[in-house]
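Predicted model, so just to flag it, every value in this text is computed and none were measured. Naming: A, B, ... by sequence-line order, numbering from 1 per chain.
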There are 2 protein chains.
Amino acid sequence: MLNKSMDFDRMNSAGYLVNNLARLFWAGLRHRIEPLGIVPGQFAALLELWINDGQTQKELVKKLDIEQATLANTLARMERDGLITRKEHPTDGRARIIRLTEKAWAIREDAYKAANATNEKALSTLSGEEREQFISIMRKVIDEMRGND
Amino acid sequence: MLNKSMDFDRMNSAGYLVNNLARLFWAGLRHRIEPLGIVPGQFAALLELWINDGQTQKELVKKLDIEQATLANTLARMERDGLITRKEHPTDGRARIIRLTEKAWAIREDAYKAANATNEKALSTLSGEEREQFISIMRKVIDEMRGND
DNA sequence: TCAATTTGCATAGTTTGCTATTTAACAGTA
DNA sequence: TACTGTTAAATAGCAAACTATGCAAATTGA
């Protein structure tokens, strides 16, 4: 072998592992919430609306780390699926107030349980200390990556 | 507050953080490899083919943690983009041999550098020990999640 | 006041993931 | 040999991410 740089071991690449992990979490959550009639992409919006119902799309975008266009499409599917309604804003003709339906409220507790179960299963192999390390390292890396580049 | 279980803090959820992180890695890699004329989804297949050119789709699927249909589509785009060719298999009329083009070979070193730079930037805030913990914890969790559920 | 700019949301178009299904070729067996 | 079952790859259809662009309402400022 001429040069070590000629190799790239994806099993040692943080990016490769993170991607892999994200798809496993996605799949695990998808299975668990399927009976509730929701899909993983709707989860973040639901979490935020369960805490604070009746926001505009703009307010949601600010809190959920996704692009405006992504959220607009997800909200359209959620409306189609009967999870939210969108009514006109009282003072701003461009904005719309997003409100959860009864159906969305009804699945709240089960959805929390599904998410917690997915996390619990994933981390079940780790010690308490390792869990803390894992979470805190991820937060550090996210901050770093959001910072500059 | 009636009940602690009524809350779900996504900033403390491993799944939420992992998802976030994966999209940041994806974006970082995308920016860096854009000048090379490739996209992140093609990366895994390229890595494997750079090591072992001339495999069938089935062989690639076994090594890359993605579904057969996903790979088939990605390979179609790679063919369209002039990164691979697909020739008939000498003994099996169903299979096709996937081979890298000159164009794909030419960007190899720059692609490795781009991936390494993305990882390096991401982990730059971590100590050597933390990096090792991060990688080894991710491997543990992946093994756990792949295992059963 | 009214033209220009900004802003909130929607839409277009692409990639990449998934599941499910189809197609064609292979392999084994009656 | 003809039938049956299996297997490799392609295709259909959906979700969800992104960038870029469009549109109409709101705001600004000359």
Side-chain angles (χ1 to χ4, degrees), chain A residues 15-16 18-34 37-46 55-62 64-81 83-84 86-98, chain B residues 15-16 18-31 33-34 37-46 55-62 64-81 83-98:
Chain A
Y16 199 90
V18 164
N19 178 266
N20 217 290
L21 207 40
R23 283 186 293 114
L24 288 167
F25 269 99
W26 198 265
L29 184 61
R30 188 164 47 69
H31 281 128
R32 279 180 240 257
I33 62 181
E34 193 181 32
I38 58 175
V39 283
Q42 304 171 340
F43 216 93
L46 285 172
Q55 305 183 55
T56 65
Q57 187 181 115
K58 185 202 164 140
E59 291 171 307
L60 279 176
V61 162
K62 207 175 358 177
L64 275 33
D65 313 280
I66 54 174
E67 294 301 316
Q68 176 266 321
T70 300
L71 181 58
N73 283 322
T74 295
L75 290 175
R77 285 188 292 272
M78 291 174 74
E79 190 171 36
R80 178 203 65 190
D81 297 348
L83 293 165
I84 57 163
R86 288 186 282 188
K87 303 193 201 281
E88 60 295 353
H89 189 283
T91 66
D92 188 335
R94 298 163 301 178
R96 313 180 63 184
I97 301 287
I98 296 149
Chain B
Y16 199 91
V18 164
N19 177 266
N20 217 290
L21 207 40
R23 285 187 293 118
L24 287 166
F25 268 100
W26 198 263
L29 184 61
R30 187 162 48 70
H31 282 127
I33 62 181
E34 194 180 32
I38 58 175
V39 285
Q42 304 172 339
F43 217 92
L46 285 170
Q55 305 184 53
T56 64
Q57 187 181 114
K58 184 200 164 142
E59 289 171 307
L60 279 177
V61 163
K62 206 173 359 177
L64 273 34
D65 312 281
I66 54 175
E67 294 300 315
Q68 176 266 325
T70 301
L71 182 58
N73 284 319
T74 295
L75 290 174
R77 285 189 294 272
M78 290 174 77
E79 191 171 37
R80 178 202 63 189
D81 297 348
L83 293 166
I84 59 163
T85 60
R86 288 187 282 187
K87 301 193 204 282
E88 59 297 355
H89 189 283
T91 66
D92 188 336
R94 297 163 300 179
R96 314 179 63 180
I97 302 286
I98 295 149

### Task
Assign A/R77 to base, sugar-phosphate, or nothing according to its heavy-atom contacts below 4.0 angstrom with the strands shown.
base
### Query
Atom CE of B/M78 to atom C1' of C/dT14: distance rounded to whole Å?
17 Å
### Message
Any side-chain to backbone donor/acceptor pair from B/E79 onto B/A76? Under 3.5 Å, distance only.
### Response
no
#### Entry: Between C1' of D/dC14 and CD of A/E34, the distance in whole Å
13 Å
#### Entry: Spacing between A/Q42 atom CD and D/dC14 atom P, to the nearest angstrom
15 Å
#### Entry: Separation of C/dC9 C1' from A/K62 NZ (nearest whole Å)
15 Å
### Query
When you measure from the side chain of B/I66, which nucleotide among C/dC26, C/dC18, C/dC9 comes out closest?
C/dC18
### Query
Which of these nucleotides, C/dT19, D/dA9, D/dA15, is closest to any side-chain atom of B/A95?
D/dA9
### Query
What are the two closest non-hydrogen atoms of A/R23 and B/D65, and how far apart are they?
NH1-O, 2.8 Å
### Under-4.0 Å side-chain N/O to phosphate OP1/OP2 contact, B/R23 with D/dC18
yes
### Query
Nearest to the side chain of B/K58, which nucleotide is it out of D/dA16, D/dT11, D/dA8?
D/dA8
### Message
For A/Q57, run the side chain to side chain donor-acceptor pair (under 3.5 Å) check against A/R94, A/K62, A/R96, A/Q68 and tell me which one passes.
### Response
A/Q68
#### Entry: Which residue lies more 5' along DNA chain C, comparing A/N19 with A/T56 via nearest heavy atoms
A/T56
#### Entry: Contact under 4.0 Å: B/T70 side-chain N or O vs C/dC18 OP1/OP2
yes
### Message
Whether the A/E67 and A/T70 side chains hold a donor-acceptor pair (N or O, under 3.5 Å, no angle test) is what I'd like checked.
### Response
no
### Summary
Contacts of B/R80 and A/R30 projected onto DNA chain C by closest heavy atom; the upstream (5') one is B/R80
### Task
Would you indicate, yes or no, if C/dA10 has its OP1 or OP2 atom less than 4.0 angstrom from a side-chain nitrogen or oxygen of A/R94?
no
### Message
Quick check for you: among C/dC18, C/dT11, D/dC18, whose closest atom lies nearest to any side-chain atom of A/E67?
### Response
D/dC18
### Message
So if I take every side-chain heavy atom of B/W26 and compare against C/dA24, D/dA10, C/dT16, which nucleotide ends up nearest?
### Response
C/dT16
### Length of the line joining B/L29:CG and D/dC18:C1', which is rounded to integer Å
14 Å
### Query
Which part of the nucleic acid, if any, lies within contact of A/A27, taking any heavy atom under 4.0 Å across all strands shown: a base, the sugar-phosphate backbone alone, or nothing?
nothing
### Task
With DNA chain D as reference, determine whether A/G93 or A/P40 sits nearer its 5' end, using the nearest nucleotide of each.
A/P40
### Base D/dA8 to side chain B/Q68, donor-acceptor N/O within 3.5 Å cut-off
no
### Query
Nearest-Å distance, NE2 (B/H89) to P (D/dA10)?
14 Å
### Task
Between D/dA9, D/dA12, C/dC9, spot the one nearest the side chain of A/Q57, thanks.
C/dC9
## Note on the structure
Heavy-atom nearest pair, A/R86 first then A/L75, reads NH1-CB, 4.0 Å
### Task
Would you kindly give the CG-to-P distance between B/L71 and D/dA9, to the nearest whole Å?
9 Å
### Task
For A/A76, report the nucleic acid contact type (base, sugar-phosphate, nothing); a contact means any heavy atom under 4.0 Å.
nothing
### Message
Are the side chains of A/Q55 and A/I98 in contact, using a 4.5 Å heavy-atom criterion?
### Response
no
### Query
Between D/dA9 atom P and B/R96 atom CZ, what is the distance in whole Å?
9 Å
